[in-house]
Amino acid sequence: MNNVRVRFAPSPTGHLHIGGARTALFNWLFARHNKGIFILRIEDTDRTRSTEEYIDSIMEGMKWLNLDWDEGPYRQTDRFDVYRSYCKKLIEEGKAYYCYCSPEELEQRRQKALAQGKSLRYDGRCRNLKKQGQGENAAVRFRMPQEGQTVVNDLIKGETVFDNSQLDDLIIMRSDGTPTYNYTVVVDDVDMNITHVIRGDDHLNNTPKQIHIYSALGYKVPLFAHLPMILGSDKARLSKRHGATSVMAYKDMGYLPEALVNYLVRLGWSYGDQEVFSINELIEHFSFDNVGKSAAVFNPEKLLWLNSQYIIRAEPENLIEPVKPFLIKEKIIEEGRAFNEEWLSKAISTLQERSKTLLELAQSLGYYIGNDVEYVVKAKEKFLNEKYIANLTGIKEALAALDNFTSTGIEKVFAEIADKLNTKLGNIAQPVRVAITGRTESPGIFEVLEIVGKEKSLKRIDRAIKEINEGKKG
RNA sequence: GUCCCCAUCGUCUAGCCCGGCCUAGGACAUUGCCCUUUCAAGGCAGUAACACGGGUUCAAAUCCCGUUGGGGACGCCA
């Protein structure tokens, strides 16, 4: 498929959320797969709800996910002249007409229809009005055909037939002269030569209306691909009730963008049994042929698992930059602190398979980087007591005498002391672990000691012994 | 109320278009075991699904119809 042009067209009335990100991603993948163009278009015709902040925030989210666009951001508010001129033409050709009903009247009629169980569609009362004076405070409605059928041929859903009698004369220009969505989307998709409209299936019902606008304007309709929705755990539309929905919230929780992308793409798309994909694999394999039709429930646990997989598979040095903000946030380092990167990479490498998020990674890094540790109460109670004081003292002396302070050297010392004190390795390793990390779980204690270093390690064991002795007196 | 979409393990899905290879495969979660200095990671094993009812056919998860259930739309929102 050549000259593919697709667009992501969010309205800046909120942050980039999970659903929007998935739509953007599928557009982006389709464009990249076909070596086409991916356009960002901001649909900000609702001036009361759109804000500059949300525009920035949406772009920030897309950048974080590495969904780069080739054109745009275009803004509909910059294009009002275009919509007006097309609209004028439609009115002149009798394809659109002025409507003098007020929003209040309309709302009343809707309520009444609802109560009576009747159709909520516009009753068409201004449709054949003779006056058609250059309506001051009049809205403009599009004249829909009332008979016949319209077929939407969707790349994902297949063929859907709508009775034109179901379509109502929608407003294309508000009485304040600003255009509305179903109209601007068509004008823009025509002007921008969009070849494939890829969006959520909540727009499927709008499609027949838009098809008529295309033909009224004299244009060929693009191809459509309506993506299934993403639902929350209760199968209701995904919302804040179900947890974080904004993309940047996942960044803040310590997720890697690649993991989110991987998770999102598997919501509705599959490639055999494969679960983990590189971006290039995604681009290579993406097609609407293997996009499913049914809605998917957002499952945070699987996202978390994928994130842990991405952390495990990363090169440790590639985790340094991403983890820094979390080290700062956790007050483990000061902003701008320099590191011995080789040392830090080594520390990170011991923690990768134990960290599901960058936040967890940062928290564990605390016992490598910090000058001191805080004991977890239960860990201290269980292992920093008289029962282990001999073991701690014994290992401390042996470690102090060790010149070759590497994990292999340390391991030998532990074995010797265990033998000498006639105790199991665990009876030495666990109290030392608590003394060094403050916790009962950590990477292998020999490598932890090596990375923490001889000086700090001895200091921490000393402190543990001191605390036990003080506890005895008190 | 009207219209539209959808329906395989708790969840994401493979299989469905082109019926037999399906005693329905994989993944997350969950349970047990192995490995082990702890926690993980990893390995192995287990529990668990074709919504229901009719057809068509020698044969249906796969095709058709209906029912039920879920979702969406019906805005001077997008």
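Letters go in sequence order (proteins before strands), and every chain restarts at 1.
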Ignoring backbone atoms, test whether A:K235 places a side-chain nitrogen or oxygen under 4.0 Å from the OP1 or OP2 oxygen of B:U11. yes
Nearest to the A:T160 side chain among B:C4, B:G71, B:A27, which nucleotide is it? B:C4
Verify whether the ring centers belonging to A:F286 and A:F26 lie closer than 6.0 Å. yes
Check the phosphate of B:A78 against A:T45, side-chain N and O only, distance under 4.0 Å to OP1 or OP2. Yes or no? yes
How would you label the contact of A:E43 with the nucleic acid (heavy atoms, under 4.0 Å): base, sugar-phosphate, or nothing? sugar-phosphate
For B:A51, the nucleotide meeting Watson-Crick or G-U wobble distances (both under 3.5 Å) is B:U67
Mind checking if A:P443 touches a base, just sugar-phosphate, or nothing, with heavy atoms under 4.0 Å? base
Considering Watson-Crick and G-U wobble pairs with both distances under 3.5 Å, what does B:A29 pair with? none
Over all strands shown, is A:R439 touching base, sugar-phosphate only, or nothing at heavy-atom distances under 4.0 angstrom? nothing
Polar side-chain contact A:D273-B:G25 base: donor and acceptor under 3.5 Å: yes
Report which part of the nucleic acid A:H226 touches: base, sugar-phosphate, or nothing (heavy-atom distance under 4.0 Å, all strands). nothing
May I ask you to say what A:G292 touches in the nucleic acid, namely base, sugar-phosphate or nothing, with a heavy-atom cut-off under 4.0 Å? nothing
Strictly by Watson-Crick or wobble contacts shorter than 3.5 Å, is anything paired with B:A40, and which nucleotide is it? none
Within the 4.0 Å heavy-atom criterion, would you say A:Q309 contacts the bases, only the backbone, or no part of the nucleic acid? sugar-phosphate
Judged by modelled atom types alone, do A:T48 and A:D46 share a side-chain donor-acceptor pair under 3.5 Å? yes
A:Y255/A:Y263 aromatic ring centres below 6.0 Å: no
Can you tell me the Watson-Crick or wobble partner of B:C58, both distances under 3.5 angstrom? B:G20
Backbone N/O of A:A314 and side chain of A:N318: donor-acceptor pair under 3.5 Å: no
